[in-house]
Amino acid sequence: LLLYCCVKSCVADSDTILSCKVHAGSNDGGAKHKDWMTDKGTYGELKGGVNARITLGLTRELLMPDNVVVDTLASLRTSSASGGEQIAFEIAVGVNGVLWVHSTSPECIVVLLNDVKTTKF
């Protein structure tokens, strides 16, 4: 089980408290509140896909606003840059260095993982 969530409390000699709920007015890194019943929530279980470890430096770069790699990948979803077909995929980047990629096409997953992992900053 791979879970995309927010750490609410992490204290020594105590259990870590995780949450999949975006609280109004909180600093959840820009996460948007969506209805969990529609399966369109910001946080939750990451079903399917592949996860890989990336360096923490690359993680920080990917989480920055206006990151060129993320912007380029987003343009692949919205344009017909790949021979007339749009590429459908999802990506989640955890501050712990875990990258999750999901697509219906295994070839797309491999290409996306390779593109992100070979990025040099």
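As the structure is a prediction and not an experimental result, all values here were calculated from the model.
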Next item on the list: Give a yes or no on whether Met64 and Val98 share a hydrophobic cluster (residues Ile, Leu, Val, Met, Phe, Trp, Tyr; joining criterion: side-chain heavy atoms under 4.5 Å apart).
Entry: no
Item checked: For Gly94 against Thr59, the heavy-atom pair lying closest together -> O-CG2, 3.0 Å
Item checked: By side-chain contact (heavy atoms from CB on, under 4.5 Å) - contacts of Thr16 (at least two apart) -> Val7, Cys10, Leu18
Check: Among Val70, Leu63, Asp71, which one satisfies side chain to side chain contact (heavy atoms under 4.5 Å, CB included) with Asn67?
Finding: Val70
Next item on the list: Verify the cluster assignment for Trp100 and Val110: are they in a single hydrophobic cluster under the rule of side-chain heavy atoms below 4.5 Å apart?
Entry: no
Checklist line | Minimum-distance pair of heavy atoms, taken over all atoms of Cys108 and Ala88 | finding: SG-O, 4.4 Å
Check: Where is the tightest heavy-atom contact between Ala52 and Lys117, given as atom of each residue plus distance?
Finding: CB-NZ, 4.2 Å
Check: What distance do Leu56 atom CG and Glu61 atom CD have between them, rounded to the nearest 0.5 Å?
Finding: 12.5 Å
Item checked: Neighbour count above 12 (heavy atom, 6.0 Å) for Asp15 CG -> no
Item checked: Residues that Ser105 engages under side chain to side chain donor-acceptor pair (under 3.5 Å), provided they are two or more places apart -> Glu107
Next item on the list: Check the pair Phe89 / Leu73 against side chain to side chain contact (heavy atoms under 4.5 Å, CB included), numbers first and verdict last.
Entry: CA-CA 9 Å; Phe89 64 91; Leu73 293 176; 3.9 Å; yes
Margin query: Going by the rule side-chain contact (heavy atoms from CB on, under 4.5 Å), which residues pair with Val111 if we only count those two or more places apart in sequence or in a different chain?
Written below: Asp115
Next item on the list: Would you give the length of the straight line joining atom NE2 of His102 to atom CD1 of Ile91, rounded to the nearest 0.5 angstrom?
Entry: 12.5 Å
Note to self: Could you measure the distance from the CG atom of Leu62 to the OG1 atom of Thr119? Nearest 0.5 Å is fine.
What the structure shows: 7.0 Å
Check: Taking Val50 as the fixed residue, which of Val101, Leu99, Ile109 is the one that meets the side chain to side chain contact (heavy atoms under 4.5 Å, CB included) rule?
Finding: Ile109
Next item on the list: Establish whether Val95 and Leu58 are linked, either directly or via other cluster members, by ILVMFWY side-chain heavy-atom contacts under 4.5 Å.
Entry: yes
